[in-house]
Amino acid sequence: MPDETSDQALSLHGYRVEIAVPVPIPKTYDYLSQAPLMPGQLVGVNFAGRTLVGVALQCQPLDPKTGTSEAASGYRLKSIDTVFSAATSLPPPILELCRWAANYYLHPLGEVLSVALPSALRKGAPLTKPPIMLQTVDLSEQNLEQLNRAPKQRLAYQKLLELGPIDAQEAKVHDLPREAIRNLVRRGLLLEIAATVGTPPAPRLRESLPTLTLEQREALTAVNLDQARTTLVQGVTGSGKTELYLRWMWDILSTGKQVLVLVPEIALTPQTVARFRARFDAQIAVFHSGLSERQRQDAWSECKEGRAQIVLGTRSALFVPLRNPGLIIIDEEHDASFKQQEGFRYSARDLAVVRGQIERLPVILGSATPSLETLHNATSNKYQHVQLLHRAADAAPERYDIWSLPSPHLDRATQSKMYEVIRRDLTVGGQVLVMINRRGFAPVLYCTHCQWIAQCRQCDARLTLHQARSRLICHHCSAMSSPPAVCPQCNSPTLTPLGEGTQRLESDLQRAFPDFPVIRIDGDSARSKDQLQGLLNRIQSGEACILVGTQLVSKGHHFPHLTLAFLLESDQGLLSSDYRALERTVQLIFQTGGRVGRGAKKGEVKLLTSQPDHPIMRFVKARDYSAFAKWHLAQRKTLELPPIQKFGVIRAESTQPNIAHQCLDQLASYLRLALAGEPVDLSTQTAAASPDQAKLSSNEPPSRCEVFGPIPPLMEKKNRWYRSQLLVSASRLRDRQITLGLAIAWLSANSPRGLRWHIDVDPIDQI
Ligand code: ADP
Ligand code: ZN
Ligand code: ZN
């Protein structure tokens with residue numbers, strides 16, 4: 001570091017650059033740069049001995065004449081090591097989106113920005129160069145004569161003329177000598193052009209369009225894509241929502257703009273790409289975590305430079321920069337996978353709406369079973385609401401039947417009745433789905449002699465028996481062991497698997513129906529995208545078969561030959577203490593039911609339940625999600641739950657018992673004092689927590705805000721960590737933000753060693 005007192009201090013030139021560095025500290029850092037930088041530009045900096053890739057936020061010249069103190073302090077700044085090319089920089093709207101998100105989710109901006117970048121850029125890898133195209137310059141015969149003395153070049157030139165523009169790699173394949181090409185370029189007879197230059201050809205329609213149903217037409221005209229507004233498209237499964245997306249997409253694509261489409265699962269991307277390709281001749285970029293780093297980086301550049309016209313991705317694609325965006329579509333908006341559950345806990349659906357406002361874009365949220373949050377926004381007129389109540393293409397609505405069970409589990413009598421119905425459908429060529437939301441063979445390994453149960457040592461959870469691999473597996477921490485031959489407690493050979501999992505159902509059904517294939521789809525059988533695709537292809541081929549699956553099968557798949565579904569133990573959530581369980585259960589029932597009867601044959605859904613009189617059953621029988629949602633929203637309001645209340649959770653964990661609980665207990669006392677108006681300096685505390693947060697605070701203490709807990713989650717010990725949580729509930733957003741800001745400041749100053757903690761804003765995990 002230069003000596004501050006030297007004469008040079010007076011002639012210091014350069015710029016002070018504020019940089020967001022990917023560290024879990026809610027602060028930005030100043031560095032010195034010799035050249036001015038644009039906000040959003042990526043830089044390599046030394047941070048606490050490590051080289052990190054940060055994002056430039058602001059840049060100010062150090063003026064040696066007027067700002068001597070500023071200039072002198074410049075000497076205390078570290079210099080930026082690397083400035084990456086402008087091709088890697090984040091454009092202003094994405095920067096603004098990230099700032100908004102850091103502020104709202106109370107998460108360090110540097111980490112938010114690093115989530116927004118493809119991992120290769122995050123690590124500082126330079127962008128791969130676009131391929132160089134070789135293009136011949138038109139020559140008259142006369143000019144060609146200059147090549148008479150260079151036969152190799154002449155030959156190469158003529159070949160290139162025949163081939164048309166090709167990339168330099170291809171030139172090798174055609175045996176064109178490199179030397180000759182280099183000389184042709186030098187003579188100006190051959191041009192080297194970066195392949196990215198120029199926009200892709202205008203998109204075209206490939207197929208003739210189906211005539212829209214009356215409902216579809218009304219929905220289509222109701223939405224004005226010139227307005228930067230969010231619209232909820234609520235349409236029963238098979239009502240032709242996707243057809244509407246395609247129409248809106250075309251409206252945008254044909255004006256030369258880009259469309260961003262998010263789906264919940266990687267598994268849904270091939271099906272969706274196929275549908276887009278069938279409709280449009282357009283550049284489609286796919287962006288999700290299943291791609292290699294290189295592929296993701298390429299897709300990112302394609303989107304940023306405007307070469308991709310349609311961008312299809314999962315959650316993280318929300319941050320992909322678009323050169324000329326025109327529309328954002330979130331399909332299956334209710335799906336929990338749009339919320340990131342670790343690190344920077346954001347909702348891609350909610351941020352899509354914010355991005356729409358920042359970039360002045362219309363946003364479409366589509367679902368057959370919208371989340372109560374979105375419905376609340378729609379009914380309170382924040383979003384536009386269009387509805388499709390009927391299935392398109394003459395498919396009849398699926399019918400729901402409730403079968404009551406004496407206990408939550410399948411009894412013999414019901415099982416034989418179920419087999420009978422399955423047989424009836426299979427013999428006329430139908431496909432049958434049996435859904436149970438639990439993978440593995442049996443959820444419990446139990447000793448009938450002493451009641452011992454196989455438990456995970458690292459979690460407060462039972463181990464699941466996986467028969468095929470002969471393993472006991474914990475579904476929470478993935479711990480694996482061999483099942484004991486005799487009971488470890490009483491030594492009797494009386495261990496029995498209890499309960500149903502997909503593997504057990506599969507083997508029972510295969511035994512009962514040896515002449516029909518049983519296809520199992522769950523997290524084990526469909527580990528990779530290709531495996532899942534293979535299974536889905538078999539089902540789509542239409543052979544009569546039984547499909548056994550977890551909720552994985554319920555997500556947006558199109559199974560035209562499915563005529564019958566049995567839902568087992570899907571009512572488990574009705575007993576849960578999680579306030580979201582009811583919403584999830586009903587969504588799962590209607591989403592799974594929606595897979596049935598999408599083709600010519602009409603579909604039936606049998607819901608097996610030990611609670612046939614539960615209030616949700618009448619909504620299920622009536623196939624009326626809207627009525628359910630209205631009823632349940634009223635309940636949430638009475639009970640002061642989201643979406644009417646705004647929730648935030650503070651979670652803490654430690655490998656020692658009680659530490660997390662005690663710490664949150666102290667925090668709770670502190671917060672309650674603050675909320676009661678005791679003198680804690682809100683503005684400075686909050687400002688310390690997050691600089692952006694300060695503007696939310698005022699001198700008035702947040703009043704309509706409550707702190708509940710701490711309470712341990714249902715599974716207190718998970719993967720060897722003992723967990724506890726504190727709930728903040730406020731009727732106004734501002735109050736919640738201030739309280740959470742206070743919590744962050746307190747924890748930053750007071751959390752004991754070894755304690756891990758985080759804030760979850762709008763949590764969707766069980767509380
Ligand atoms: P959703 O997305 O609401 O589940 P889709 O758009 O996938 O519904 O439509 C369900 C089925 O109906 C698809 O096979 C689709 O091709 C067909 N379909 C949709 N709209 C029409 C229409 N207007 N005329 C004929 N078939 C249609
Ligand atoms: Zn025993
Ligand atoms: Zn475990």
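- Side chain of Tyr670 to main chain of Ala743: no donor-acceptor pair is present (N/O by atom type, distance under 3.5 Å, no hydrogens or angles).
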Leu62/Leu32 under side chain to side chain contact (heavy atoms under 4.5 Å, CB included): CA gap, chis, key distance, verdict: CA-CA 9 Å; Leu62 291 170; Leu32 186 66; 3.2 Å; yes
Stepwise side chain to side chain contact (heavy atoms under 4.5 Å, CB included) test for Leu42 and Val55: CA-CA 5 Å; Leu42 302 197; Val55 180; 3.7 Å; yes
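- Side chain of Arg672 to main chain of Val707: a donor-acceptor pair is present (N/O by atom type, distance under 3.5 Å, no hydrogens or angles).
- Heavy-atom minimum distance, Ile19 versus Leu57: C-CD1, 4.4 Å.
- Checking side-chain atoms of Gln283 against main-chain N and O of Gln309 turns up no donor-acceptor pair under 3.5 Å.
- Put simply, CG on Asp30 and SG on Cys59 are 10.5 Å apart, with the number rounded to the nearest 0.5 Å.
- Arg756 places no side-chain N or O within donor-acceptor distance of the main-chain N or O of Gly754, the cut-off being under 3.5 Å.
- No side-chain donor-acceptor contact under 3.5 Å links Arg345 to the backbone of Val761.
- Looking at Gln725, Glu653, Arg651 one by one, the single match for side-chain contact (heavy atoms from CB on, under 4.5 Å) with Pro713 turns out to be Gln725.
- The salt bridge (charged side-chain N to carboxylate O under 4.0 Å, His left out) pairs that include a residue from residues 716-728 number zero, where partners must be two or more places apart or lie in different chains.
- Minimum interatomic distance between Pro108 and Val23 (heavy atoms only, all atoms of both residues): CB-O, 3.7 Å.
- The shortest side-chain heavy-atom distance between Pro264 and Phe338 falls under the 4.5 Å cut-off.
- Within the 4.5 Å cutoff, the side chain of Val112 has no heavy atoms near those of the Tyr105 side chain.
- With hydrogens and angles disregarded, no donor-acceptor distance shorter than 3.5 Å links the side chain of Thr82 to the backbone of Phe84.
- The residues Asp762 and Arg736 are annotated as salt-bridged, a charged nitrogen and a carboxylate oxygen being separated by less than 4.0 angstrom.
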For a side chain to side chain contact (heavy atoms under 4.5 Å, CB included) check, start with the C-alpha distance between Val261 and Met249, then their side-chain angles and the critical distance, and finish with the verdict. CA-CA 9 Å; Val261 182; Met249 287 169 75; 4.1 Å; yes
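- Here CG of Leu117 is found 11.5 Å from OG of Ser316. Values are rounded to the nearest 0.5 Å.
- The closest side-chain heavy-atom distance from Cys705 to Val728 is below 4.5 Å.
- The closest side-chain heavy-atom distance from Leu667 to Pro710 is not below 4.5 Å.
- At least one donor-acceptor pair under 3.5 Å links the side chain of Tyr31 to the backbone N or O of Asn46.
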Could you walk me through whether Arg323 and Gln258 satisfy the side-chain hydrogen bond (donor to acceptor under 3.5 Å, both in side chains) test, starting with their C-alpha distance in whole Å, then the side-chain angles of each, then the deciding distance to 0.1 Å, before giving a yes or no? CA-CA 8 Å; Arg323 182 176 174 154; Gln258 296 166 286; over 6 Å; no
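- No donor-acceptor pair closer than 3.5 Å links the side chain of Lys257 to the backbone N or O of Leu327.
- The side-chain heavy atoms of Tyr104 and Val354, taken from C-beta on, include no pair separated by under 4.5 Å.
- Under the side-chain contact (heavy atoms from CB on, under 4.5 Å) rule, Glu265 has a single partner from Leu268, Thr269, Val263, which is Leu268.
- When all heavy atoms of Ser751 and Cys663 are compared, the pair lying nearest together is CA-SG, 4.3 Å.
- Using a 4.5 Å cut-off on side-chain heavy atoms (C-beta onward), Tyr722 and Pro712 make no contact.
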Just do the side chain to side chain contact (heavy atoms under 4.5 Å, CB included) check on Leu109 and Arg99 with the steps written out, would you? CA-CA 6 Å; Leu109 179 59; Arg99 274 187 193 275; 4.2 Å; yes
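- The two residues Leu755 and Ala660 have their closest heavy-atom pair at CD1-CA, 3.5 Å.
- Between Thr655 atom OG1 and Asn719 atom CG the span is 11.5 Å, to the nearest 0.5 Å.
- For Thr255 (side chain) and Ile252 (main-chain N/O), a donor-acceptor pair under 3.5 Å exists by modelled atom type.
- Annotation for Pro643 and Leu372: closest pair CG-O, 3.6 Å, computed over non-hydrogen atoms.
- Phe319 and Phe344 have tilted rings, their planes meeting at an angle from 30° to 60° on a 0 to 90° scale.
- With values rounded to the nearest 0.5 angstrom, Leu727 atom CG is found 6.0 Å from Ser729 atom OG.
- With rounding to the nearest 0.5 Å, the separation of CD1 in Ile364 from CZ in Arg229 is 11.0 Å.
- Between Leu95 and Leu113, some side-chain heavy-atom pair lies under the 4.5 Å cut-off.
- A donor-acceptor pair under 3.5 Å is formed between the side chain of Gln295 and the backbone N or O of Ser292.
- Between Arg349 and Ser371, the side chains place a donor N or O and an acceptor N or O closer than 3.5 Å (distance only, hydrogens not considered).
- Atom CE of Met715 has more than 12 heavy atoms from other residues, nucleotides or ligands within 6.0 Å.
- Side-chain contact check for Leu121 versus Trp300: some heavy-atom pair is nearer than 4.5 Å.
- With salt bridges taken as basic N to acidic carboxylate O contacts below 4.0 Å, none links Asp298 and Arg307.
- Results of the salt bridge (charged side-chain N to carboxylate O under 4.0 Å, His left out) test with Glu373 over Lys339, Lys382, Arg580, Lys646 single out Arg580 as the only residue that passes.
- The two residues Ser289 and Ile266 make their nearest non-hydrogen contact at OG-CD1, 3.6 Å.
- Between atom CD1 of residue Ile25 and atom CD of residue Glu111 there is a gap of 9.0 Å, rounded to the nearest 0.5 Å.
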